Amino acid sequence: MAKSMNHLTLQTDLGIERVADLHAALQPHLEDDVPLQLAGDRVERVHAAGLQLLHAFVRDRAARGQSTTITQASPALAAAARQLALAVSLGVDGTEPERSDMHPTATTLPATGATA
């Protein structure tokens with residue numbers, strides 16, 4: 001029997017001022033047994049604190065054997081996750097924005113709306 005899936009849309013602002021709101025949105029899903037999809041297409045602003053909370057949430061659910069997927073990561077969310085080396089753990093590593101100022105061989109990432 002296939003399990004159903006829960007869906008949650010991430011807020012547009014994952015700045016440090018909004019981490020409590022993000023925590024409140026994620027907390028009810030921490031121990032859900034069903035897979036959870038977090039839609040990241042609306043995220044426009046990201047701080048390290050927001051990404052750290054997302055990472056901890058995904059990690060804690062995985063430790064319980066629960067699946068959590070971030071879908072449709074916005075360019076801001078994907079770039080910030082890459083800058084903080086969290087893209088793979090958050091599952092947004094395949095979401096490369098199409099920008100002429102990004103080069104696969106570059107050793108530094110271009111500036112984004114993300115702040116660490």
Side-chain angles (χ1 to χ4, degrees):
M1 175 192 261
K3 289 183 178 181
S4 63
M5 181 173 292
N6 286 336
H7 301 271
L8 179 67
T9 300
L10 295 173
Q11 61 215 44
T12 58
D13 187 348
L14 298 181
I16 193 165
E17 309 86 356
R18 301 285 183 218
V19 169
D21 297 337
L22 178 60
H23 184 266
L26 295 174
Q27 189 61 35
H29 301 282
L30 184 60
E31 296 186 21
D32 285 352
D33 287 333
V34 297
L36 176 63
Q37 282 189 343
L38 302 172
D41 57 324
R42 295 183 181 174
V43 176
E44 297 174 1
R45 182 171 176 257
V46 184
H47 281 176
L51 280 178
Q52 289 168 338
L53 179 58
L54 276 177
H55 172 72
F57 177 76
V58 170
R59 180 201 62 213
D60 290 352
R61 280 184 47 88
R64 291 177 169 90
Q66 302 153 337
S67 171
T68 309
T69 308
I70 297 178
T71 62
Q72 304 170 347
S74 70
L77 177 57
R82 280 191 301 276
Q83 285 181 336
L84 295 178
L86 294 174
V88 173
S89 66
L90 292 175
V92 298
D93 56 326
T95 344
E96 291 286 333
E98 302 250 347
R99 290 181 26 190
S100 61
D101 61 3
M102 293 187 71
H103 305 285
T105 58
T107 56
T108 59
L109 295 172
T112 67
T115 54

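The residues of the chain are indexed from 1 along the displayed sequence. The shown structure was predicted, so the numbers you read here are calculated from the model rather than taken from an experiment. Values reported hereafter were calculated over all heavy atoms of this structure, with side chains retained and with hydrogens, waters and symmetry mates removed.
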> Heavy-atom distance under 4.5 Å between the side chains of Leu77 and Leu90, does that happen here?
Replying inline: no
> Got a sec, which residues hit side-chain hydrogen bond (donor to acceptor under 3.5 Å, both in side chains) with Gln11, two or more places apart in sequence or on another chain?
Replying inline: none
> Got Val46 and Leu51 here, is their nearest side-chain heavy-atom distance under 4.5 Å?
Replying inline: yes
> Do other residues, nucleotides or ligands put more than 12 heavy atoms under 6.0 Å from Leu8 CG?
Replying inline: yes
> Rounded to the nearest 0.5 Å, what separation is found between the CG atom of Leu54 and the CG atom of Leu86?
Replying inline: 9.0 Å
>> So Met5 and Val34, do their side chains get closer than 4.5 Å, heavy atoms only?
In response: no
>> Run the side-chain hydrogen bond (donor to acceptor under 3.5 Å, both in side chains) test against Thr69 and tell me which residues pass, sequence neighbours left out.
In response: none
>> Pair Asp33, Gln66 - check side-chain contact (heavy atoms from CB on, under 4.5 Å), show working.
In response: CA-CA 6 Å; Asp33 287 333; Gln66 302 153 337; 4.0 Å; yes
> Do you know the tightest heavy-atom contact between Arg42 and Leu10?
Replying inline: CB-O, 4.1 Å
> Listed by chain and number, what are the side chain to side chain contact (heavy atoms under 4.5 Å, CB included) partners of Val88, not counting sequence neighbours?
Replying inline: Asp93
Below 3.5 Å, can you tabulate the donor-acceptor pairs from side chains in residues 20-31 to any protein atom, sequence neighbours excluded?
from  : atom 1 : to    : atom 2 : distance (Å)
His23 : NE2    : Gln27 : OE1    : 3.3
His29 : ND1    : Asp32 : OD2    : 3.0

> By side-chain hydrogen bond (donor to acceptor under 3.5 Å, both in side chains), which residues pair with Gln52, not counting sequence neighbours?
Replying inline: none
>> On a heavy-atom basis, which atom in Ala49 and which in Val19 lie closest, and how many Å separate them?
In response: CB-CG2, 3.7 Å
> Looking only at heavy atoms, what is the nearest atom pair of Arg82 and Ala87, with distance?
Replying inline: CG-CB, 3.6 Å
>> Among Ile16, Leu84, Asp13, exactly one meets side-chain contact (heavy atoms from CB on, under 4.5 Å) together with His47. Which residue is that?
In response: Ile16
> What pairs with Ala39 under side chain to side chain contact (heavy atoms under 4.5 Å, CB included), at least two apart in sequence or on another chain?
Replying inline: Thr9, Asp41, Thr71
> Between the side chain of Ser74 and the main-chain N/O of Val43, is any donor-acceptor distance below 3.5 Å?
Replying inline: yes
